[in-house]
Protein chains: 2
Amino acid sequence: MSTAEPTIITKRLRADAVRNRAKVLEAARAAFAEHGAEAQMEDVARRAGVGVGTVYRHFPTKQALAEALVEERFDRTIAFVRGLLDEEPDPWRALERCFEYCAATQATDRAWAAALALMAGGTMGPREHQMRELLALEEQLLAGARAAGVVREDLVATDLPALFCGLASVVQAGGDAWRRYLELLLDGLRPPAR
Amino acid sequence: MSTAEPTIITKRLRADAVRNRAKVLEAARAAFAEHGAEAQMEDVARRAGVGVGTVYRHFPTKQALAEALVEERFDRTIAFVRGLLDEEPDPWRALERCFEYCAATQATDRAWAAALALMAGGTMGPREHQMRELLALEEQLLAGARAAGVVREDLVATDLPALFCGLASVVQAGGDAWRRYLELLLDGLRPPAR
DNA sequence: ACCTGAACACCGTTCAAGT
DNA sequence: ACCTGAACACCGTTCAAGT
């Protein structure tokens, strides 16, 4: 939930700085949702009602700002999967809902796709802690599915980032081709003998 | 094979203009292979040994230059699939080799991924003629595979662009995760009853 | 301590001057 | 007809001056 750098003690910020940081993040969410990766820093500053310098004071680079949004998305995704684990009794349906969540999430947040690509590439990069946590939860989910015999025996959590990355890019491609894509993909994850 | 605009009569170019155009394309191939989408026009001009203005005379925009490379790639891909159709007797292996070609091709040419995304999105865009030709060849290939009972009955050529688009993004993500991804994907395309 | 916004750097694109 | 490269526009980033 904390938006401070991991492993670094949160610096005490002046009250107005805290408010500005929040306004910048809020503005960035809107700007990135609307314009994707080519959202402009000047625009973020304008929406937040601050000078560009303030944006850069809180986030040293556009990339860093995008990553902060990704961090939020990770938290939400982790919460979602945790929710599935104790609310969705059907292990296959739970897996299916993970993929649907991934697809739905792409529409409003394009920086997220870049993060998924990082995971798929195996370079944990920053957000390593969150990536591990998400993978651990997904492994639990898969364990249930394997035990129920509804997925191929050899499917493990570390296979998933690449699958999500692929799905993300198909969703980004536009149109509704991703639905058919997901159908083929999910069918292919079932155990070979049916 | 022609690199002129489709449906527009090829203008007669002065001999030096023809040479320059070829030099620019050659330079662009190298620049894009090395730096991906953020290759610089100035760099392309330098490699080609011409002024930037000349690059812009032949290709009105960086996007247009990237598209010219994509056009070449389309031609090569079409030739490759055509080759498969009369050299590869095993219909499953032929399909497999299409995907492997797609993956291999990503390493050296990142603009290609954008074109695949266009196809996946269903927006034929420019290159429509080439897209249709490629799809027609792939449909022939799939027809053979379906007849031999080695792929799911309902798999059609228009399903493929999304699959290629997904694979492309996983390859771009780096690492070798794409091999496992491709394994899962291809297994999933086999007929359900084995 | 933190904020502002003019100034700088970089790169895509244009165009006046050349051949 | 085509080429050149200085100049322009745009946007990410910095920093001197303010509060």
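Chain A is the first sequence line, chain B the second, and so forth, proteins listed ahead of strands; every chain is numbered from 1. FYI, side chains are in, hydrogens and waters are out, and symmetry mates aren't considered; it's all heavy atoms of this structure.
Judged by the 6.0 Å and 45° rule, A:Arg190 forms a cation-pi pair with A:Trp92.
If you measure from atom CD of B:Glu42 to atom P of D:dG5, you get 9 Å, rounded to the nearest angstrom. As rounded to whole Å, 12 Å separates atom C1' of C:dT13 from atom NZ of B:Lys62. Protein atom CZ of A:Arg21 is 14 Å distant from nucleotide atom C1' of C:dC2, rounded to whole Å. B:Arg57 has its CZ atom 5 Å from the C1' atom of D:dC2, to the nearest Å. Distance, B:Gln40 CD to C:dG12 P: 5 Å, rounded to whole Å. Distance CZ (B:Arg14) to P (C:dT19): 14 Å, rounded to an integer number of Å. Rounded to an integer number of Å, the gap from B:Met41 CE to C:dT13 C1' is 8 Å. Spacing between atom NZ of A:Lys23 and atom P of C:dC3 amounts to 9 Å, rounded to whole angstrom units.
At the phosphate of D:dG12, neither OP1 nor OP2 sits under 4.0 Å from any side-chain N or O atom of A:Thr61. Contact between the side-chain N/O atoms of A:His58 and the OP1/OP2 oxygens of C:dC3 is found at a separation under 4.0 Å. For the OP1/OP2 pair of C:dC2 and a distance below 4.0 Å, the side-chain nitrogens and oxygens of A:Asn20 include no atom meeting the criterion.
A 4.5 Å side-chain heavy-atom check between B:Lys62 and B:Val55 finds every atom pair outside the cut-off. Looking at heavy atoms from C-beta onward, B:Phe80 lies out of side-chain contact with B:Thr105 at the 4.5 angstrom threshold.
Nucleic acid contact for A:Ala15: none, since no nucleic acid atom lies under 4.0 Å from a heavy atom of the residue. Nucleic acid contact class of A:Ala64 (heavy atoms, under 4.0 Å, all strands): none.
Heavy-atom nearest nucleotides on DNA chain C were determined for A:Thr54 and for B:Gln63, and the one closer to the 5' end corresponds to A:Thr54.
Between the side chains of A:Gln106 and A:Gln172, at least one donor N or O lies within less than 3.5 Å of an accepting N or O.
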